[in-house]
Structure formats: structure tokens, C-alpha cells
2 protein chains.
Amino acid sequence: MNIGQAAKSSGLSAKMIRHYESIGLLGPATRSESGYRLYGRNDLHTLVFIRRSRDLGFSLDEVSRLLALWLDRTRASAEVKSLAAKHIAVLDRKIDELTGLRETLLNLVNHCHGDHRPDCPILEDLEAGIVSPRERTD
Amino acid sequence: MNIGQAAKSSGLSAKMIRHYESIGLLGPATRSESGYRLYGRNDLHTLVFIRRSRDLGFSLDEVSRLLALWLDRTRASAEVKSLAAKHIAVLDRKIDELTGLRETLLNLVNHCHGDHRPDCPILEDLEAGIVSPRERTD
DNA sequence: TTCGACCTTCCCATCGTGGCAAGGTCAAGC
DNA sequence: GCTTGACCTTGCCACGATGGGAAGGTCGAA
């Protein structure tokens, strides 16, 4: 099948499939006589694997390692588990970070009258440039 | 003071201060005879405002609007509150998204033996390309 | 043959930041 | 005076992952 169909079937965009090939995440696709990229069942399988990995938030670099493990029948599942665990740790850190910001902002918003008057604790906070955001939950 | 001192005092990098000027977030700085940017007390105040806003996760576009409100003495605090509330909503969405991914991954990791054998539920999931609404975020 | 849908490559934009290069300026020490 | 090092200037390139679009080739059906 051509790239358009492969894109539809995998959920990736044709643009991204070409990009993945250009950065070496995918090997060069077979070409038709006229130069069109051709994808078979195995290729499609790989594309789906990539899409699912991206959907789970893995970076292209991580996807690349996951792909290698997937194709390596002598892999130890411990390696995959470790990669996924590291990714979870990254997610945890991000979630904590965003949650901290959220709390600070919520606090400020709750203290703001939100009426026609100009006085605003939110702006006052921004103005003060408080250094440790997480501790600012008064 | 020169840009280096302004950077140190505000917590921004000199690079970013120049960038903010180039995109119009900051007005053109006063210049010394030799072309050095000069920053006074008010300028520093603004830089600190920007840094704090960025620290709270506002985009440069939002910072721009916050700055305008800050400088507008006839502002209604409701406008600031609304802007902040919208930002909280964005944070909420992101947190939900990441939490969803985290849960899925944690589940997979917990089901993986993580030993020397190749069998791995994580790879099996990626292979299957499961699409659940919770995780289809892009 | 023509038309529309597809494909190709290549470049540019995003967002926010860092890095580096080539050059100008300034203040301190000799 | 002159050198040195720290600072400043502008400008371009890079990241990560993706989208947009231009300019042109190919295919299949009417």
C-alpha cells in the first residue's frame, strides 16, 4: 500500500512517516518503480507500534529503543520494564510540577475578587516575583 | 544597569531578555552611547513580573496580556482572574492527560515480569496499538 | 487527454530556550 | 600607553515533534 493508506491504517500522518524514515527510526521504505513508498503488513505493524508508543508519551528516542527491543527476540523483559519505569518517573515529575503550579494559581484565583475593580492579588503575586512557587500556598 | 546585571537580578537570561524585546513583549531598551542596553528600576520590575509569570506556566502570549493588564490602571480584576482561570483549565487538562498515561503504563509495568525472558506485556500492548479515548490526546 | 487525488522532495513555522561565532566596549593592571 | 578578560552587540543554528505549503511527478478513471 502507499503512504496515504499506511497513514490512515496506522493513525500516523504521512508527513510523520516520512519524517521517521528520514531520522532513521524507520528503515528506508520499499519504493515502486515511480518512487512511491510501499508498505506491507510488517511495515504497518511497525507503524502501529510507533503510534501506540507515541500515544503513551514515549519520546522518539525511547520509541527507537522500544522498537529495537521489540525486534530482538533475545531481549530481557527487564529492559523494557526499566525503560517504561523511567518514563513513568518522568511523567510523575511533570505531574507534580503542573500540580504545584495549579495549586498556586488556584490559590491566587480564589483570592481575587474578579470584579470591575483593578485590585488583584494575582498581579500582586506576579509583581513580587516570589522565588519558590511551591511554598506560596498561604 | 547592563543586561547582565538585569538578567541576574530578574532571574531571566540575557538571551531571553533580548528575545523578549525582539518579539515585542518588551519595548526597546534605552541604550548607552555605545549601544549597550540599559535597565532601570521599572524595567527590572517588569522583568521580574515576566519571570514569575513564566514560572507559573503562562505562555509568552499570556504573559503579554498579563503585562498589559498590569500596566492598565483601569483594568477589571475579573479579566486577570479569567485569564488565570483559563490557564488553570489548561493545566488541569494536561495533568489529566499525563495521569492517564501514567496509569496505563503503571498497569503494564506491574504486569511485566521484568526478568531475563523476552515475554513482555508492555511490548504486547504497544504492538496491538490499542486506542482508548483516554489516551488519544493529540 | 484531462482532471483530481495522490505521491515526491524541500523549505519554513511553531515554542522557548541554549549555544556559538565574530566583533565592539569597558575597566583594571602592567 | 597596551593587554587582558569580562562584558556587550547582532546573527544564525539547534533542539522535539509536528504542520503547512510550494513545485513538480504519477496514477487511474472519465
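Below, each value reflects all heavy atoms present in this structure, side chains not excepted, and no hydrogens, waters or symmetry copies.
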Given [options], which nucleotide is nearest the side-chain atoms of [X]?
X: M16(B); options: dT9(D), dT18(D), dG18(C); answer: dG18(C)
X: H19(B); options: dT17(C), dC7(C), dA17(D); answer: dT17(C)
X: S34(B); options: dT10(D), dG25(D), dC26(C); answer: dC26(C)
X: R18(B); options: dC7(D), dT10(D), dG18(C); answer: dT10(D)
X: Y36(B); options: dT25(C), dG20(D), dC7(C); answer: dT25(C)

**Message:** Counting C-beta onward and ignoring hydrogens, is there a side-chain heavy-atom pair between Y20(B) and V63(B) closer than 4.5 Å?
**Reply:**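 Not in contact.
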
**Asked** Taking side chain as C-beta onward, heavy atoms only, is R102(B) less than 4.5 Å from D92(A)?
**Response**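 Heavy-atom side-chain distance check passes, below 4.5 Å.
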
For [N], take OP1 and OP2 only and decide whether either is under 4.0 Å from a side-chain N or O of [X].
X: R31(A); N: dT9(C); result: yes
X: R37(B); N: dC8(D); result: no
X: R54(B); N: dT17(C); result: yes
X: Y20(B); N: dT17(C); result: yes

In whole angstroms, how far is the [atom2] atom of [N] from the [atom1] atom of [X]?
X: L12(B); N: dG18(C); atom1: CG; atom2: P; answer: 10 Å
X: E33(A); N: dG25(D); atom1: CD; atom2: C1'; answer: 15 Å
X: L25(B); N: dC15(C); atom1: CG; atom2: P; answer: 13 Å
X: E21(B); N: dG16(C); atom1: CD; atom2: C1'; answer: 17 Å
X: D55(A); N: dA17(D); atom1: CG; atom2: C1'; answer: 13 Å
X: L38(A); N: dC6(C); atom1: CG; atom2: C1'; answer: 13 Å
X: I17(B); N: dT10(D); atom1: CD1; atom2: P; answer: 13 Å
X: I3(A); N: dC6(C); atom1: CD1; atom2: P; answer: 13 Å

**Item:** Short side-chain to backbone donor-acceptor contact, H111(B) and C120(B), under 3.5 Å
**Value:**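 Looks like no, no N/O pair under 3.5 Å.
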
**Prompt:** Is a donor on one side and an acceptor on the other found under 3.5 Å between the side chain of N2(B) and the backbone of G4(B)?
**Reply:**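 Side chain of N2(B) to backbone of G4(B), a donor-acceptor pair under 3.5 Å: no, none is there.
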
**Request:** Determine, for E79(B) against R65(B), whether the closest basic-nitrogen to carboxylate-oxygen distance falls under 4.0 angstrom.
**Result:**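 Between R65(B) and E79(B) there is no salt bridge, as every charged N stays at least 4.0 Å from the carboxylate O atoms.
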
**Asked** Can we say E62(B) and K86(B) salt-bridge, meaning some charged N sits less than 4.0 Å from an Asp/Glu carboxylate O?
**Response**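 Salt bridge flag = no for K86(B) with E62(B).
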
**Prompt:** Contact class for S59(B) vs. all strands (heavy atom < 4.0 Å): base, sugar-phosphate, or nothing?
**Reply:**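 Sugar-phosphate: the residue S59(B), judged by heavy atoms under 4.0 Å, touches backbone atoms but no base.
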
**Request:** Under 4.0 Å between any heavy atoms, over every strand shown, what does S32(B) touch: base, sugar-phosphate, or nothing? Just pick one.
**Result:**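 Nothing, no nucleic acid heavy atom in range.
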
**Request:** Between G35(B) and D61(A), just flag the one whose closest nucleotide in DNA chain D comes earlier from the 5' side.
**Result:**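 Nearest-nucleotide comparison on DNA chain D picks G35(B).
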
**Item:** Of K15(A) and F58(A), the one whose closest DNA chain D nucleotide lies more 5'
**Value:**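 Nearest-nucleotide comparison on DNA chain D picks F58(A).
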
